[in-house]
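Below is one structure; the comments refer to it alone.
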Amino acid sequence: MEQRRQKINKNRRKYMEDTKKTVLAGNGRENADTLNRQVRIANNMLGCDIDFIIKDLDNKSRSVVASRKDAMLKKRQTFYIGEDTEKPMLYEGRIVEARVIAVAPKAVRLEVFGVEVSVRARDMAWEWMVDAGEKFQVGDLVLVMVNKVEASSVDQIIIEVDAKSPTANINKDNLRKCHKQGKYTGIITEVYKGTYFIRLDIGVNAVAHSCNMSALPGKKDKIGFVVTRINDNYEVAEGIITRLIKRAS
């Protein structure tokens with residue numbers, strides 16, 4: 001029994017070392033405070049489904065040692081490398097299902113069959129969002145298009161995906177709802193160098209370069225908007241912010 005406990009403890013230590021070398025790889029403060037980074041990663045992943053391989057168990061203490069890394073490497077071997085001369089199951093241009101494992105305001109982290117990748121919020125949906133958490137939650141399953149795969153070995157795999165391509169682009173259809181000099185309401189999703197990016201309530205992305213208000217609005221504010229031009233090339237409405245309806249709380 002003592003030898004079994006020693007083996008379990010050894011496997012635990014090995015798993016922690018593997019985690020530090022792979023999942024927690026970083027620089028600066030990441031290397032300075034590994035425990036803090038572990039806690040932040042675990043908190044961000046609360047609620048997501050993961051695969052793991054059981055390495056050992058102790059019936060007396062009712063505990064197990066498992067490795068997510070080994071499970072991910074196994075999936076990488078199957079889906080990205082292929083067996084012998086068999087063609088890999090994941091390749092550029094294929095639409096596959098991915099798991100949402102973490103969500104930030106400007107990015108969504110996905111696991112795509114053993115490989116983790118961060119995708120910008122603007123590449124996750126056609127409509128502009130204030131916060132990616134409005135549309136995506138940890139534990140969701142989403143369809144993504146595989147745009148790039150570089151797989152030299154199971155340890156060195158780089159992929160690029162987006163969730164916009166598998167879904168219909170409704171921007172052009174929604175843009176027909178807009179008319180020049182039309183008045184609409186919407187939410188400011190971003191402000192950058194004096195340019196306001198807006199999501200109109202009718203489902204149209206809009207851009208404003210000027211604001212006819214004494215007090216400038218900010219991100220998440222509800223505003224009134226007048227269309228001065230329909231830009232079909234960029235699929236956005238351009239115009240002027242005319243009034244503030246409600247400040248973001």
Side-chain angles (χ1 to χ4, degrees), residues 90-100 102-110 112 117-148 159-213 217-248:
L90 264 75
Y91 46 84
E92 293 180 15
R94 182 163 187 186
I95 296 175
V96 298
E97 194 173 68
R99 292 173 177 168
V100 176
V103 180
K106 295 298 181 183
V108 177
R109 192 157 185 83
L110 305 173
V112 188
V117 59
S118 290
V119 182
R120 295 172 298 185
R122 66 185 183 186
D123 292 326
M124 291 296 296
W126 291 103
E127 66 271 20
W128 293 343
M129 297 175 286
V130 176
D131 187 331
E134 297 174 358
K135 188 176 180 67
F136 301 98
Q137 302 294 326
V138 172
D140 288 349
L141 296 176
V142 297
L143 292 178
V144 297
M145 172 74 80
V146 180
N147 299 319
K148 177 182 177 182
I159 66 171
E160 293 179 3
V161 302
D162 79 89
K164 291 169 63 176
S165 299
T167 59
N169 181 4
I170 60 175
N171 280 349
K172 290 184 177 180
D173 291 335
N174 288 341
L175 203 57
R176 296 193 183 98
K177 302 175 184 177
C178 274
H179 304 282
K180 195 172 181 180
Q181 297 304 315
K183 297 180 180 180
Y184 307 94
T185 59
I187 299 291
I188 297 176
T189 61
E190 189 61 78
V191 182
Y192 181 72
K193 292 184 177 181
T195 300
Y196 297 87
F197 299 87
I198 305 159
R199 180 65 178 175
L200 299 181
D201 292 339
I202 59 173
V204 173
N205 296 329
V207 176
H209 297 285
S210 59
C211 180
N212 293 343
M213 296 168 50
K219 185 176 179 180
K220 298 183 181 181
D221 286 352
K222 181 93 169 180
I223 51 85
F225 180 83
V226 173
V227 176
T228 58
R229 177 172 178 250
I230 304 296
N231 191 326
D232 291 310
N233 292 331
Y234 291 97
E235 299 177 354
V236 298
E238 298 178 0
I240 301 170
I241 295 175
T242 56
R243 62 193 178 100
L244 175 67
I245 298 175
K246 184 180 179 181
R247 287 281 187 190

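Counting begins at 1 with the first residue of the sequence.
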> Does the Asn205 side chain pair with the main chain of Trp126, one donor and one acceptor, at a distance under 3.5 Å?
Replying inline: yes
>> Please find the pair of heavy atoms, one from Val191 and one from Gly218, that lie closest to each other, and give the distance.
In response: CG2-C, 4.4 Å
> Can you tell me how far the CD1 atom of Ile223 sits from the CD1 atom of Ile240, to the nearest 0.5 Å?
Replying inline: 12.0 Å
>> Test of understanding: with side chain to side chain contact (heavy atoms under 4.5 Å, CB included), list the residues that count as partners of Lys246, not counting sequence neighbours.
In response: Lys222
> Got a sec, which residues hit salt bridge (Lys or Arg N to Asp or Glu O under 4.0 Å) with Arg120, two or more places apart in sequence or on another chain?
Replying inline: Asp123
Result block: side-chain N/O donor-acceptor pairs under 3.5 angstrom for residues 131-147, not counting sequence neighbours:
from   : atom 1 : to     : atom 2 : distance (Å)
Asp131 : OD1    : Gly133 : N      : 2.8
Lys135 : NZ     : Glu127 : OE2    : 3.3
Gln137 : NE2    : Gly133 : O      : 2.5
Asp140 : OD2    : Gln137 : N      : 2.8
Asn147 : ND2    : Asp162 : OD2    : 2.8

> What are the two closest heavy atoms between Val119 and Met124, and how far apart are they?
Replying inline: CG1-SD, 3.6 Å
> Counting only heavy atoms not in Arg122, do more than 12 sit closer than 6.0 Å to its CZ atom?
Replying inline: no
> Heavy atoms, side chains only, cut-off 4.5 Å: are Val207 and Ile198 in contact?
Replying inline: no
>> If I compare all heavy atoms of Ala237 with all of Ile230, which pair ends up nearest, and what's the gap?
In response: CB-CD1, 4.4 Å
> Who pairs with Lys219 by side-chain hydrogen bond (donor to acceptor under 3.5 Å, both in side chains), at least two apart in sequence or on another chain?
Replying inline: none
> If you measure from CD on Glu235 to CG on Asp173, what distance do you get to the nearest 0.5 Å?
Replying inline: 9.5 Å
> Does atom NZ of Lys220 have more than 12 heavy-atom neighbours from other groups under 6.0 Å away?
Replying inline: no
>> Before you tell me yes or no, could you show the steps for Lys106 and Glu190 under side chain to side chain contact (heavy atoms under 4.5 Å, CB included), namely the whole-Å CA-CA distance, both residues' side-chain angles and the distance that decides it to 0.1 Å?
In response: CA-CA 11 Å; Lys106 295 298 181 183; Glu190 189 61 78; 2.6 Å; yes
> For Lys180, what residues pass the side chain to side chain contact (heavy atoms under 4.5 Å, CB included) criterion, not counting sequence neighbours?
Replying inline: none
>> List the residues meeting side chain to side chain contact (heavy atoms under 4.5 Å, CB included) with Lys183, not counting sequence neighbours, and say none if there are none.
In response: Val226
> Taking side chain as C-beta onward, heavy atoms only, is Val117 less than 4.5 Å from Val161?
Replying inline: yes
> Do Phe225 and Leu200 pass the side chain to side chain contact (heavy atoms under 4.5 Å, CB included) test, and can you show the C-alpha distance, the side-chain angles, and the key distance before you say yes or no?
Replying inline: CA-CA 8 Å; Phe225 180 83; Leu200 299 181; 3.9 Å; yes
> What is the distance from atom OG of Ser210 to atom CD of Glu238, rounded to the nearest 0.5 Å?
Replying inline: 11.0 Å
> Are Val100 and Leu110 close enough that some pair of their side-chain heavy atoms sits under 4.5 Å apart?
Replying inline: yes
>> Whether the Thr185 and Asp201 side chains hold a donor-acceptor pair (N or O, under 3.5 Å, no angle test) is what I'd like checked.
In response: yes
>> Just to verify, what does Trp128 make a ring-ring contact (aromatic ring centres under 6.0 Å, His included) with, not counting sequence neighbours?
In response: Phe197
> Quick one: side-chain hydrogen bond (donor to acceptor under 3.5 Å, both in side chains) partners of Arg247, sequence neighbours excluded?
Replying inline: Asp221
> Going through the distances and angles, do Met213 and Ile241 end up as a side chain to side chain contact (heavy atoms under 4.5 Å, CB included)?
Replying inline: CA-CA 8 Å; Met213 296 168 50; Ile241 295 175; 3.8 Å; yes
>> Return the CD1 to CG distance between Ile188 and Leu244, rounded to the nearest 0.5 Å.
In response: 8.0 Å
> Can you name the residues that form a side-chain hydrogen bond (donor to acceptor under 3.5 Å, both in side chains) with Ser118, not counting sequence neighbours?
Replying inline: Arg109
>> Applying ring-ring contact (aromatic ring centres under 6.0 Å, His included), can you list everything that pairs with Tyr184, at least two apart in sequence or on another chain?
In response: none
>> Among residues at least two apart in sequence or on other chains, which ones pass side chain to side chain contact (heavy atoms under 4.5 Å, CB included) with Asn233?
In response: Asn231
>> My understanding is that only residues two or more places apart in sequence, or in another chain, count here; which of them pass side-chain hydrogen bond (donor to acceptor under 3.5 Å, both in side chains) with Lys172?
In response: none
> Is there a side chain to side chain contact (heavy atoms under 4.5 Å, CB included) between Val112 and Ile159 once you walk through the steps?
Replying inline: CA-CA 9 Å; Val112 188; Ile159 66 171; 3.7 Å; yes
